[in-house]
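Worksheet for the structure shown next.
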Amino acid sequence: MLLSRYLLPVMKETPADAQIVSHQMMLRAGLVRQTAAGIYAWLPLGLRVLNRIASVVRAEQDRAGAIEMLMPTIQSADLWRQSGRFDAYGPEMLRIKDRGGREMLYGPTNEEMITAIFRDCVKSYRDLPRTLYHIQWKFRDEVRPRFGVMRGREFLMKDAYSFDMDEAGGRASYDAMFTAYLRTFAALGLRAVPVRAPTGPIGGDLSHEFHILADTGESEVFFDSALDDVDLGDPDAPAKLRNLYAMEAEEHEKIADCPVPAERLAKRRGIEVGHIFFFGTKYSQAMGLQVQAKDGSQVTPLMGSYGVGVSRLMGAIIEASHDDAGIIWPESVSPFDIGLINLRVDDPACAAAAHALQAKLEAAGRTVLHDDRDARGGEKFATMDLIGLPWQIVVGPKGVAAGTVELKRRSSGEKHEASMESVMAKLTA
RNA sequence: CGGGGAGUGGCGCAGCCUGGUAGCGCAUCUGCUUUGGGAGCAGAGGGUCGCAGGUUCGAAUCCUGUCUCCCCGACCA
């Protein structure tokens, strides 16, 4: 991709409305544009990141055996009356009427809809267990949107729903998602702490929130510092993590005797990026979902639901990975693999070398943002650092004369001169 | 929803108190000089000052209403 033909409105100055670093950088790096309180347009570069985050989430859902589908954003109020939530949900739900005066809503979540669909499609125990998910826009009319996409009103969310014949099956479905979540956040370059969440009337340990630790997090988390030592590559990691203490401040304070010795109790701020819970027959019962069991009886399936804030993750990733110059994308979500800077667009040798490198890298399957603008070096370096692509290749007249380019690693800042061939080899390995 | 703040060109701001027909920096466009970490000089374009009423010879400025956005707190992927 040639930057001269792209849309990348970077800003040198920080917009006054943005308070936290991820919001500031998303605006400055030309990823998003606010269109109303808590509602954002995704500019080309931001959309690429959003799609890549969704891809990582999708890959781990698929690996865990969940099945992708897509439900609409607009739902009928009737559906929500079946569960009783149309009246219970409160002003957070955006209610609208169609031309016929029918009550509709912009979905804040999809339990009712998936339960109704499953109810109408599935009649036999043979079709269970199943876990279905979709990645779709949601709307919650937050009292106070803030922190950019971290607490927007419109947001992209992956929500999955499991259906099982019995408690043991439900627990297995839950465990599979728990593991999938650990893998997902690790693949995004994040370390997430699973925090036990209140389960309401069901009890047990079947609800967890996943928090990314960051000073700008909205919640306060207490946890056993032994969590830091758990190797996520270890197959027993999920079990180990679930046995270690971790609670949100509000819950922690209710506990008389904390099971963690004071010297091991860590307190950090966290960004909630995922929440999973098992709620049994709450919706299946209300919506009349029943399947016939092997013995001919009618059974009400047990359900769980599993959310990941896809758009929120973009903010969380930036909070966790940036420096003074800008964003540092993990390779798994970076909008492009490589930023290619031509320092002298007017120099035929430089232009030829830069275009050749771009072509070769793209032919090898790497995505490249080639800064071929007629601008000075300093501006190009600053732009590249701001948008945070993992690798930068700098093509300049001195290097080209000597047959070399400069390769820079964004995360460490280290750079060195190397032949074009060796840079190609390194980046396409 | 309570408390506070702000709306002036794409971004950051000044002007408002003490009304006289809009200004600065960045960005943008043109030309020349430059070219390895956000260049210099010269010139140019772009704003019904959130909106609606009112006061006045005259309103960005004063008055009233209204909309929007931001911050702090209580609530949430």
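Numbered from 1 within each chain, the chains take letters A, B, ... in sequence-line order. Only a predicted model underlies this, so the values are computations on that prediction, with no experimental measurement involved.
In this entry rG38(B) has no Watson-Crick or G-U wobble partner, no candidate having both defining distances under 3.5 Å. Using Watson-Crick or G-U wobble geometry with both donor-acceptor distances under 3.5 Å, rG2(B) finds its partner in rC72(B). Pair assignment for rG23(B): rC13(B), on the basis of Watson-Crick or G-U wobble contacts that are both within less than 3.5 Å.
Using a cutoff of 4.0 Å between basic side-chain nitrogens and carboxylate oxygens, Glu414(A) and Lys408(A) are not scored as salt-bridged. Residues Arg151(A) and Glu218(A) are paired through a salt bridge, judged by an N-O separation under 4.0 Å between the basic side chain and the carboxylate.
By the 30° and 60° cut-offs, the orientation of the rings of His252(A) relative to Phe222(A) is parallel.
On the nucleic acid side, RNA chain B has its first and last nucleotide under 4.0 Å of a heavy atom of chain A at rC1(B) to rA77(B), going 5' to 3'.
Within a 6.0 Å radius of CG in Asp98(A), more than 12 heavy atoms belonging to other residues, nucleotides or ligands are found.
Residues Leu241(A) and Pro238(A) have side chains not in contact (no heavy-atom distance under 4.5 Å, counting atoms from C-beta outward).
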*Go through the steps for His370(A) and Gln358(A) under the test side-chain hydrogen bond (donor to acceptor under 3.5 Å, both in side chains), then give the verdict.*
CA-CA 7 Å; His370(A) 175 178; Gln358(A) 180 192 347; 2.8 Å; yes
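Using modelled atom types, one side-chain atom of Ser311(A) and one backbone atom of Leu156(A) make a donor-acceptor pair closer than 3.5 Å.
RNA chain B is contacted by Leu343(A), Arg344(A), Asp346(A) of residues 334-350 of chain A, taking any non-hydrogen atom closer than 4.0 Å.
Tyr174(A) and Ser162(A) share no donor-acceptor pair across their side chains, judged by distance under 3.5 Å alone.
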